[in-house]
Each structure stands twice: as C-alpha cells, then as structure tokens.
Amino acid sequence: MSRVLALWCPDWPAVAAAAVADLPATTPVAVVSANRVIACSAPARAEGVRRGLRKREAQARCPDVYVTTADSDRDGRMFEPVAAAIDAIAPGVEVLRPGLLILGARGVSRYFGSEHKAVERLIDQAAGAGVECQVGIADELSTAVVAARHAVIVPRSGGARYLAPLPVSELAAEPSLAAADRENLIDLLRRLGLRTIGDFAALTPGDVASRFGTDAVLAHRSARGEAERPPSARALPPDLNVEYPCDPPIDRVDAAAFAGRGMAERLHTKLAAAAVACTRLLVHASTGNGENLSRIWRCAEPLTPEGTADRVRWQLDGWLTGRSEKRPTAGITMLRLEPVEVVAAGDLQLGLWGSVGDEEERARRALVRVQGLLGGDAVKIGVLSGGRGPAERVTLRSLGDELVPLSDPSAPWPGRMPQPAPAAVLDTSPRVVLEDSNGNAVRIEERGGFDTEPVVLRWGSKMWTLRGWAGPWSVDERWWDPAMGVEGARVQVLFEENRALLLFYDDEGWRVEGIYE
C-alpha cells in the first residue's frame, strides 16, 4: 500500500509576510482579508489574536501586531525555496497550496532508513530553508494532511482509527482539500449531533449520498480513511500539453504572468475539447543556459482557467524572484503546462453562464483586492432591510462583515411604498422641479395633496412632459425625534415610455429617491 507524506508550514501567509517585511520571528503578524484576520503568527496568537477577528479587534488585543493584506502571489513566491529545498533530497514533491506539499513516503523512508528518520531529515531540511514545519504520514492524502497538523505518523491501515476521535471540524481545516462551502456542512453535522469524525464515518455511504451534497460524499470518504476519489483510470488524451516559446526570453514576473494566463486559456480549451478536467498540473520551464525547472501542483477539485493561471504565476514568480538555489541564471526560453492527471469533465461544476464556475470567485477576488487597496469600508454589500422608503430598505455592510439588516424586512411596515421597487436608489438625491401648466412650482398642501396639477418635470437643463403620476403619499415618521424625524410626501411620476421616477417632497422642494426602468 502506498503511503503519503505531507509537510505543512503553519501560518504560512503570516510567515511569508514577515519574511518579505524582514521582521524577526518574535514579531506578531496578522494577515487580513475583507477586514478579518485569516492567518496570524504564534506570537500574535499568544496575545489573543485569532482567525476571524476583525482588524480593529485584533489591533486592540495586540497593539504591536504587524497587519498586512492577504497576497497569494507573495505566499507562492516565498514557498518555492522551501519546495525546492525539500525536492533536493526527496524528489517527487507536489504542492497543494503555498505552505503545504506532499510526496510519496515510500521512497524517502527507504532512502533514509525509516519513516521517522525521513521526517526528522525533512524537518531539518526545511529549517535550513528558514521555516518551521510539521510532517504527517498516512495511507491517504487527506489523512496525511490532518496528521501533519498534529505531527503524527499514522500506522498502516490505521487512518480511520486515528481520525475517529478528532472533531469533525478537522474535515474543513484544510481549504485545498475541501469545497468552499465545507464549513456549512460541518455546521450541519454539528447540529445533527455528529461531533467527531468517527460519528460522521459511522453513517453509511448511501445515507450520506442521499441526504447531502457531493462534497459531503468526499468528506465522508476522508472520514472513513478512504481515498478522496478513486484512482483515475482515464488515460491522458494526446496533445494536451501547451508550450510557449519565449522570444525574447522572459526574466520578469509580469511578462511571465501574462504568458501564463494565455497558456492557461489554451490548456483549458484543449481540456474542454477532450471532455476532461485537470487535477494535477506540471509547470515546466527551460532557460537559455539549459536549465530545466518543473513543479507539480495537485488540487482537490478540477482546476479552472483562473486557478491554473494563479498556480503558473505563483510558480514562475517563485523561480524568477525567490531565494531558491534553483533560481535560473538566464531568462526562460520555453514554458510548458502538462496535465499529469485528469478526470471526466462531468466532475467539474459548470458556472451560471456555462463557464467553469469561476465567475463568483473572480468577482470576490477583485472585490477583496479593491478592499485591500482602499480600506475595509471601500467595498460594501447591500442587505435587504425593513422600512417604508426605498433607501431605508437597503443596509450597506462592509465586505466580510456579517450581513445583518438594520431592521427586520419581514415586519408589516404599514405605509410602505407599493411594488415594484425602483431599479436604482440614488443616495445623492438630486433636486428636481415639478411645474403646472402655467410654469408655477407644484407643492404639497397641508392636507397632503398637490396644490395644483403637475404637468412638467425639470431635472437640471432637461425637461419632460408628465404622462401620469401616482400619489402623493404623506410621510410622517419618528415625529418624536427631531434629529431622526422624516416629514413630507412621495409621488411616482411617469415621463416616458416605461420610465418613471420616485420623488420625495420636503421643505426644500422635490428630490429624486429612485428610478424605475
């Protein structure tokens, strides 16, 4: 039976950030994304910083913490020297993500004499590269990764027994081996009373498949100490490799990333034509001095074009700018992407628009990037809230914060504006003028009606003849609070075919609250 060795560098995003900033190991470091801590160093945890904390709370607990934004390119670039150091004494390294790699345990254990001696040698080799690591060995990949987090060598055929007493949350601890919504599954299992991995493993595969989703089936196989997916019996279709001759030779990361993105698109075009998807990818580079560099990236789920481009960029960044001894001495003259393992394309969930399911991930990454550049409050998400006017029914929350409405949207809210809601709600509230047939401004009387019939709408330099209106509806809210009180009236006016405005009247006149289209 083949054995898998997993080498895990704890808190890698924080370790990489500290290395780039040239900080000593005793400096507390926190890596934030969407205004929340996603990774922190051991000194930061000693001061009370935890994953999931908001940035301000982390800084309150540890005023000296060094806060930096998540950067996957930095993580990949800084991990390449570690992977190269391990590959120098244990060939066959496969990277799951920056900070975690695996290799076959059989060869390295036979070379060094035993699994325990191999573990000691690999830890020393990683220490020579300037990082601390933990190693785990087991029969299956997922079990080995869990074992690495606890620095355990699991006996042969003992994976299920080792996993059984561990909390079920361990099945979601490693993002590279779990679906994005694995936490939802773990929460459901807890609510069902399945607290440990053994409790979950005790369910029959048929019950799991009929009551939960596809990811639950994969998690159940891991809980039972089985392979995450059966060995792929599908032969690699011919001509899947993608090559790119670099003329002139590439020696800059931006040029390499640009080439890698184009190669990723070409690769996935070939994969789609062959009805397969890639789960293990070899990135190979040749230089002008005859050097050949290669690295295998393994993924729990089939790669998307964006995921492939990311891994190519991380790898080339690590080769070109890293501290590895294998750093090329000349520009890259040839790039090659080679699928090492493929699965049926049906295993890849298609996206809403028929692509490979990466639209939401691409949008999320872009928003997080903007938030990292401009600050936590620069990106906000609208949450349906309660209220009578359209602006009151939208609560804006910063990306990453809990999406809690300001008031209950399911409450009755008598006097609420009738449906349909405006297609756009304007926070600038531009001023407009309603005029009657004589050009006089139309106002609201004390009894809540028009003082004269509106005929014309003027918005800046533009003028439209009204085709109809609804209302007005009087508004008198929070009359007991002068600071928060709202008094006036709303009216809907139609001025073009299928175009209308929602107007609000106050002491200063009319303003636009919403636009119907």
Side-chain angles (χ1 to χ4, degrees), residues 8-79 82 97-100 130-134 149 167 169-170 172-176 178 180-184 186-187 310 314 317 361-383 385 394-406 427:
W8 174 59
C9 299
D11 313 318
W12 182 253
V15 173
V20 170
D22 199 20
L23 300 175
T26 56
T27 302
V29 178
V31 180
V32 300
S33 176
N35 208 38
R36 290 189 181 272
V37 177
I38 62 170
C40 56
S41 63
R45 281 195 299 275
E47 298 293 332
V49 179
R50 295 291 183 271
R51 291 177 59 186
L53 289 181
R54 293 188 179 184
K55 176 182 176 181
R56 289 185 179 180
E57 185 175 353
Q59 292 172 320
R61 293 188 180 188
C62 181
D64 296 331
V65 66
Y66 174 77
V67 178
T68 183
T69 305
D71 186 345
S72 57
D73 292 352
R74 175 189 63 205
D75 299 343
R77 178 176 67 253
M78 300 304 294
F79 189 64
V82 181
R97 62 166 175 83
L100 177 64
V131 299
E132 297 180 357
C133 70
Q134 295 178 187
R149 290 179 170 273
S169 59
E170 289 283 353
E174 178 48 52
S176 64
D181 58 351
R182 179 68 65 86
E183 286 291 348
N184 296 333
I186 300 304
D187 181 63
D310 283 345
W314 298 340
D317 196 355
E361 176 65 14
R362 185 183 298 116
R364 185 194 66 81
R365 288 162 58 90
L367 292 176
V368 170
R369 180 63 174 166
V370 171
Q371 192 176 48
L373 293 173
L374 302 181
D377 294 332
V379 179
K380 295 189 176 183
I381 299 175
V383 182
S385 186
V394 179
T395 300
L396 295 178
R397 299 295 185 193
S398 297
L399 179 65
D401 288 355
E402 188 175 359
L403 302 180
V404 179
L406 188 63
D427 57 355

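Hydrogens, waters and symmetry mates are skipped; everything else that's a heavy atom, side chains included, is used. Numbers for residues simply follow the sequence, beginning at 1. These numbers come from a predicted model, not from an experiment.
For R74, there are no salt bridge (charged side-chain N to carboxylate O under 4.0 Å, His left out) partners, not counting sequence neighbours. With sequence neighbours excluded, no residue forms a salt bridge (charged side-chain N to carboxylate O under 4.0 Å, His left out) with E132. Evaluation of the side chain to side chain donor-acceptor pair (under 3.5 Å) rule for S169 yields no partner, not counting sequence neighbours.
Listed by first and then second residue, the side-chain hydrogen bond (donor to acceptor under 3.5 Å, both in side chains) pairs involving residues 44-53 are D11-R45 (not counting sequence neighbours). For the ring pair (Phe, Tyr, Trp, His ring centres under 6.0 Å) condition, the pairs that include at least one residue of residues 12-51, sequence neighbours left out, are W12-F79. Pairs passing the side-chain hydrogen bond (donor to acceptor under 3.5 Å, both in side chains) check and including a residue from residues 15-26, sequence neighbours excluded, do not occur.
Summarising the geometry, atom CG belonging to D75 is positioned 11.0 Å from atom CG belonging to D317; distances are rounded to the nearest 0.5 Å. Note: N35 CG to T69 OG1 = 10.0 Å, rounded to the nearest 0.5 Å. The line from CG of L53 to SG of C62 is 11.5 Å long, rounded to the nearest 0.5 Å. Note that the NZ atom of K55 and the OG atom of S33 stand 12.0 Å from one another [nearest 0.5 Å].
Closest heavy-atom contact between T68 and A17: CG2-CB, 3.5 Å. Of all heavy-atom pairs between A14 and A39, the closest is N-CB, 4.5 Å. The two residues L396 and G382 come nearest to each other via the heavy atoms CD2-CA, 3.9 Å. Pairing each heavy atom of A70 with each of I38, the nearest pair is CB-CD1, 3.6 Å. Scanning both residues, P98 and W314, for their nearest heavy atoms gives CD-CZ3, 4.1 Å.
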* Asked: side-chain contact (heavy atoms from CB on, under 4.5 Å) between V15 and C9: does it pass, once the steps are laid out?
  -> CA-CA 9 Å; V15 173; C9 299; over 6 Å; no

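Salt bridge R149/E174: present, at least one basic N to carboxylate O contact under 4.0 Å.
Side chain of R61 to main chain of G48: a donor-acceptor pair is present (N/O by atom type, distance under 3.5 Å, no hydrogens or angles). Checking side-chain atoms of S41 against main-chain N and O of V29 turns up a donor-acceptor pair under 3.5 Å.
Contact annotation: the side chain of L100 approaches that of S176 to within less than 4.5 Å [non-hydrogen atoms, C-beta and beyond].
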